[in-house]
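Structure record follows, encoded as structure tokens.
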Amino acid sequence: SFPETHGITFRIQISVKELLDTDVLLKLLFHLPVNYPSTLPDISVNSDQLTRAQCMDVKDKLLEQAKKHLSEPMVHDLILWIQQHLKYVIKQSATVCDEKTTLSKGTSTEDGIWMLLLHLDHMRAKAKYVKTVEKWASDLRLTGRLMFMGKIILILLQGDRSNIKEYLILQKTSKVDVDSSGKKCKEKMISVLCETKVQSQHKRFQTFEVKEYSTLDELQREFETAGLTILFSEFVPPLLK
């Protein structure tokens, strides 16, 4: 990797907890040039649990931190920093549903399974609205949940990426609800909280179900069972504010 004659190189393995409930083993290689610490170390990052893109993200963030410590020994600080911040670095590259890194490669069916989390502001004509959503989900072979908890209404869908796109179009262009005077109206108060590729740690929903939850804990459990704890904690609590 680096010419051994110049400066020193050392390898460090650290295990970082509480990321998607698994331990991530990070293999870090620091190469300290002769005039370190007035020059930045070379860093390489590997991990079996992370994608190459995520390893690159970790490396970039470490170098950003390193710049703040220029001219003082920094390796120890960098290691402490990444142990505390790894989950945020990864979360940014994974759940900020980022089109660039998640565009599906190849066309195997697994590649095409996407997940969509929508937040609806209200449903005036609830029974009719629910029927419409169920019909769209079944026509487009989407599975997931329509979730009611207090005032919160969420739609979580999984399915073929093109069908998910199609669903969004229907949801935004059809007259799904009624306005305050009872006239049919399109859905204007909808926000897409997240659109991302289904990862291996996510469980696939087998059916589409409409469910009511009486507490936030119940709702959270639904997400946890589906392996979507991060998704829940990222997007749902802010809706309660």
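For the single chain, residues carry numbers from 1 onward in sequence order.
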Between Phe232 and Leu240, is there a shared hydrophobic cluster once you connect ILVMFWY residues whose side-chain heavy atoms come closer than 4.5 Å? yes
Rounded to the nearest 0.5 angstrom, the CD-OH distance for Glu72 and Tyr36 is 9.0 Å
Which distance, rounded to the nearest 0.5 Å, do you find between the CZ of Phe208 and the CG of Leu142? 8.5 Å
Can you check salt bridge (Lys or Arg N to Asp or Glu O under 4.0 Å) on Lys165 and Glu195, steps first, answer last? CA-CA 10 Å; Lys165 294 261 181 253; Glu195 188 179 343; 2.6 Å; yes
Quick one, Ile153 with Met123, criterion side chain to side chain contact (heavy atoms under 4.5 Å, CB included). Give me CA distance, side-chain angles, the key distance, then yes/no. CA-CA 8 Å; Ile153 309 169; Met123 282 184 182; 4.0 Å; yes
Does some side-chain heavy atom of Glu234 sit less than 4.5 Å from a side-chain heavy atom of Cys194? no
Does the Ser174 side chain pair with the main chain of Gln171, one donor and one acceptor, at a distance under 3.5 Å? no
Taking the side chain as every heavy atom from C-beta outward, state whether Leu86 and Trp81 have any atom pair closer than 4.5 Å. no
Val45 versus Cys55, closest heavy-atom pair with distance: O-CB, 3.6 Å
Return the minimal non-hydrogen interatomic distance between Ser15 and Gln83, and the atom names on each side. O-NE2, 4.5 Å
Do other residues, nucleotides or ligands put more than 12 heavy atoms under 6.0 Å from Lys211 NZ? yes
What is the minimum heavy-atom distance between Tyr213 and Met147, and which atoms define it? CE1-CB, 3.4 Å
Taking side chain as C-beta onward, heavy atoms only, is Leu228 less than 4.5 Å from Gln220? no
Kindly compute the distance separating CD (Gln65) from CG (Leu62), expressed to the nearest 0.5 Å. 8.0 Å
Basic-acidic side-chain contact under 4.0 Å: Lys61, Asp57: no
State whether Asp121 and Lys151 are salt-bridged, where the test is any N-O pair (Lys NZ or Arg NE/NH1/NH2 against Asp/Glu carboxylate O) under 4.0 Å. no
Is Met56 linked to Leu29 within one hydrophobic cluster, defined over Ile, Leu, Val, Met, Phe, Trp and Tyr using a side-chain heavy-atom separation of less than 4.5 Å? no
Kindly compute the distance separating CG (Leu154) from NE2 (His119), expressed to the nearest 0.5 Å. 6.0 Å
Looking only at heavy atoms, the pair that brings Lys27 and Asp48 closest together is NZ-OD2, 3.6 Å
Could you give the distance from CG (Leu26) to OG (Ser47), rounded to the nearest 0.5 Å? 5.5 Å
With a 3.5 Å distance limit and no angle check, can you tell me whether Gln13 reaches the backbone of Arg11 through a side-chain donor-acceptor pair? no
Assess whether side-chain hydrogen bond (donor to acceptor under 3.5 Å, both in side chains) is satisfied between Glu218 and Ser214, documenting all intermediate values. CA-CA 7 Å; Glu218 275 181 31; Ser214 44; 2.8 Å; yes
Flag for Ser162-Glu166: side-chain donor and acceptor within less than 3.5 Å: no
Can you establish whether the number of heavy atoms outside Lys128 located under 6.0 Å from its atom NZ is more than 12? yes
Heavy-atom distance under 4.5 Å between the side chains of Leu239 and Leu193, does that happen here? yes
According to a hydrophobic-cluster definition based on side-chain heavy atoms being under 4.5 Å apart (Ile, Leu, Val, Met, Phe, Trp, Tyr only), do Leu32 and Leu63 belong together? yes
Counting C-beta onward and ignoring hydrogens, is there a side-chain heavy-atom pair between Thr207 and Phe205 closer than 4.5 Å? no
What are the two closest heavy atoms between Lys87 and Gln84, and how far apart are they? NZ-O, 4.4 Å
Does Arg124 CZ have over 12 foreign heavy atoms under 6.0 Å away? yes
With the 4.5 Å side-chain cut-off for hydrophobic clustering, are Leu40 and Leu80 part of the same group? no
Do Asp217 and Thr215 pair up side chain to side chain, a donor and an acceptor below 3.5 Å, judged on atom types alone? no
Any side-chain heavy-atom pair from Trp136 and Thr132 closer than 4.5 angstrom? yes
Intermediate values then yes/no, side chain to side chain contact (heavy atoms under 4.5 Å, CB included), Phe148 and Val210: CA-CA 8 Å; Phe148 294 95; Val210 179; 3.8 Å; yes
Audit row: Leu216, Met149, side chain to side chain contact (heavy atoms under 4.5 Å, CB included) steps and yes/no: CA-CA 7 Å; Leu216 193 61; Met149 203 281 308; 3.8 Å; yes
Do Leu231 and Leu156 have side chains that approach each other closer than 4.5 Å (heavy atoms only, starting at C-beta)? yes
With a 4.0 Å cut-off on N to O distance, would you call Glu212 and Lys126 a salt bridge? yes
Would Val58 end up clustered with Leu25 when hydrophobic side chains under 4.5 Å apart are linked, directly or stepwise? no
Are Val236 and Phe223 close enough that some pair of their side-chain heavy atoms sits under 4.5 Å apart? yes
List the steps, then state whether side chain to side chain contact (heavy atoms under 4.5 Å, CB included) holds for Asp42 with Phe30. CA-CA 6 Å; Asp42 275 303; Phe30 290 87; over 6 Å; no
Starting at CG of Leu168, measure out to CG of Leu118 and round the result to the nearest 0.5 Å. 5.5 Å
Between Pro37 and Leu70, which heavy-atom pair has the shortest distance, and what is it? O-CD1, 3.7 Å
